[in-house]
Amino acid sequence: MFGISGSAGVTSPNSPIVSWVDIRPGSSSSLARETRKLGAPSRNRSPIQGYAASADSREVFPHETWVTGASLRLGLNTYGNQPERQSAPSQSSTFERHREVDRVASERVRLLAAKYAAGEVSKEVLARLAILDQRMLSLSPVVSLAQVTALEKVASDLESLRRQQQARKARSRV
Amino acid sequence: MAKWDADDLFPLLESHSGRYRRNFIKQAVCELKFPTMLGLGVAQPPKAFVNGLRKKYPILEHAKELPLSPLDDTSSGHVHIVKSAKENWTITLRRDTVLVETQKYHSFSEMRARVLEVVEVVAPLIDSDFFTRIGLRYINQITTDGENPLSQWVSPGLVGMLEGQHFSGVNELAGRLRLQKSDGGILLQHGLKHKAITDDEATKVPDYVIDIDGYRQEVSLEHTGQALDIMRRQIFTMFRWTLGDRAKSYLGELED
């Protein structure tokens, strides 16, 4: 019956016509997004019976007593798997590829700077960073296939030389 | 057919395509969040955005969001707003969000069509083939006649504690219910909305706000319509459960 806890956000209109004040501890961030409030301002009025508007006509919510726990965490692996769905840049000229690398790197740095400055960031920023990281890897991998091939050839040559040396030593003993 | 775990939060109405002749909707909004594109937060609105929506939304406005703290650069940025000719519909583009909202809601089919049209326009701009979150929210205000008990307008499941207790000076009554799975959920917020503007009206039965907000996470662009459909079914089912008999009579018969 009781499901996953944690904040999943709310759909926020540009100009919300209703303000729900969240009175749970540590939930002040929602207050900043509310702008206008419903409710006509009341005048000096003493309730006789039934319903009575107060001077403060905001709507408030009872404290949730049984929902606790960690907030929803963004799994970067989820987004890390996404980029294969992004279309990879076409095999364009080297110049365009370098320009794309510069553009991606620049956007990545700006987002990282914003992330560092803000401390906490949104899922949207983290998602974009994951996409850019994957794109950088595909555009400008740390180690290229040619480099790996060259290294393997060097290792193979070294192994061959070692065997030849051992063979010469064995012949000289004989 | 896309499916989410959150689709099974509760049993849905069989007549999911039904709608009422009238509605209590004061505001309806669809929020589409995507991986942040800093380039969309510049002062100049994207040409494709303006040109693609110009016919239906000829009014262009501009705003700038201020950060919550001096160090927070992620929330600051320019906001581009286009509105329909009578300003009934508003499309807002931020660096990580596009909003479709209205205060003159007529039908879900119209809302759905407008959202999908906006998705088609912004898809090339957001450089992503998925939304991190899609939200659909309806804020209803049940306008009572001021005379009959509140429990006839709003489900006793929400306001039943007032029945037979002869409370006086009821100033606040509100609640929140959140149902949630890892990929989506629904939030019901409800509470009194006082009519009072004069002393005479102070003791009349107040109106009641039913605010239902559904969402799905990590939705691919091509599944936007399906996500909207299932969220609307859930919201409609929950909304119907919140109604009292008088409210249902006012809204009229369910139409297919």
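In what follows, every heavy atom counts, from backbone to side chain, and hydrogens, waters and symmetry copies are set aside. A, B, ... follow the sequence lines: proteins, then strands. Residue 1 opens every chain.
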Taking every non-hydrogen atom, the tightest pair across A:S122 and B:D96: OG-OD2, 4.3 Å
Residue pair B:V29 / A:P13: nearest heavy atoms and the distance that separates them: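 Residues B:V29 and A:P13, closest heavy atoms: CG1-CG, 3.8 Å.
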Any donor-acceptor pair under 3.5 Å from B:Q189 side chain to A:W20 backbone: no
Expected output: side-chain B:Q27 to main-chain A:I17 donor-acceptor under 3.5 Å: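 Side chain of B:Q27 to backbone of A:I17, a donor-acceptor pair under 3.5 Å: yes, one is there.
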Ionic contact status for B:D127 with A:R128, cut-off 4.0 Å: yes
Measure the spacing between [atom1] of [X] and [atom2] of [Y] and express it to the nearest 0.5 Å.
X	Y	atom1	atom2	value
A:L132	B:T36	CG	OG1	10.0 Å
A:N14	B:L99	CG	CG	6.0 Å
A:I131	B:F34	CD1	CZ	11.0 Å
B:L38	A:S106	CG	OG	9.0 Å

Qualifying residue, where the test is side chain to side chain contact (heavy atoms under 4.5 Å, CB included) with A:T11 and the options are B:R133, B:E101, B:K33, B:M231: B:R133
Which atoms of B:I81 approach chain A - backbone, side chain, both or neither, heavy atom under 4.5 Å: side chain
Toward chain A, the part of B:I126 with a non-hydrogen atom under 4.5 Å: backbone
Over 12 foreign heavy atoms within 6.0 Å of OH, A:Y116: no
Flag for A:E124-B:T132: side-chain donor and acceptor within less than 3.5 Å: yes
Stepwise side chain to side chain contact (heavy atoms under 4.5 Å, CB included) check, A:L111 with B:M37: CA-CA 9 Å; A:L111 276 172; B:M37 283 293 288; over 6 Å; no
